[in-house]
Asker: 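Structure provided below as C-alpha cells; questions to follow.
Since the model is a prediction, treat every value here as computed from it, not as a measurement.
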Amino acid sequence: MPMYDFECEECGVNFEQLVRRESDIPMVTCPACSSARVAKAISLPAAPVNSAMAMPMGGGGCGVGPRCGKPWCQRTG
Ligand SMILES: [Zn+2]
C-alpha cells in the first residue's frame, strides 16, 4: 500500500497518507483543516539499490552458473 505525500492548498500543511488505490486520492482530506483541496506532492520512488547487481556481466556474458553452450563460452563445467 503506497504512502503519498500531500500538501493542503488551504492551510499549506504537508502530510502523508496511505492510499489503497489511485482512485482514492481525490478523497484524501487535510488532517489539519479537513479541506479536500489537497495536492499530491511529487515523491520519487525509491531507487533500486541493486540495479547494478541485476546485470553483473554487463549483458551477454556467461561465466556464472553452468556452461551456457554458446560457442564463445569459456566455461568447461
Ligand atoms: Zn489544511
Side-chain angles (χ1 to χ4, degrees):
M1 193 186 310
M3 177 97 73
Y4 289 98
D5 292 317
F6 291 91
E7 180 174 348
C8 178
E9 295 182 358
E10 293 290 335
C11 69
V13 73
N14 288 280
F15 61 98
E16 292 181 332
Q17 180 74 45
L18 285 170
V19 180
R20 293 175 188 274
R21 293 183 299 270
E22 289 272 336
S23 58
D24 288 342
I25 290 175
M27 272 115 69
V28 175
T29 56
C30 174
C33 69
S34 299
S35 170
R37 291 186 59 197
V38 296
K40 186 161 73 71
I42 303 298
S43 61
L44 297 175
V49 293
N50 60 347
S51 60
M53 294 169 62
M55 295 180 68
M57 302 306 290
C62 62
V64 178
R67 179 178 166 84
C68 68
K70 291 193 173 65
W72 57 86
C73 182
Q74 299 298 311
R75 299 248 332 160
T76 55

Asker: Can you name the closest pair of heavy atoms from Ser23 and Met27 and give their distance?
Answerer: O-SD, 4.1 Å
Asker: Hey, could you give me the OG1/CZ distance between Thr29 and Phe15, rounded to the nearest 0.5 Å?
Answerer: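 Atom-to-atom, Thr29:OG1 and Phe15:CZ are 7.0 Å apart.
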Asker: Taking the side chain as everything from C-beta on, heavy atoms only, tell me whether Asn14 gets closer than 4.5 Å to Asp5.
Answerer: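 No. Closest side-chain heavy atoms not under 4.5 Å.
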Asker: Should Lys40 and Tyr4 count as side-chain neighbours, where that means a heavy-atom distance under 4.5 Å?
Answerer: yes
Asker: When rounded to the nearest 0.5 angstrom, what is the spacing between CD in Gln17 and CZ in Arg20?
Answerer: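 Gln17 atom CD to Arg20 atom CZ measures 10.5 Å (nearest 0.5 Å).
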Asker: Side chains of Phe6 and Val19: does their closest heavy-atom pair fall under 4.5 Å?
Answerer: yes
Asker: Give me the one residue out of Ser34, Cys30, Ser35 that meets side chain to side chain contact (heavy atoms under 4.5 Å, CB included) with Cys11.
Answerer: Cys30
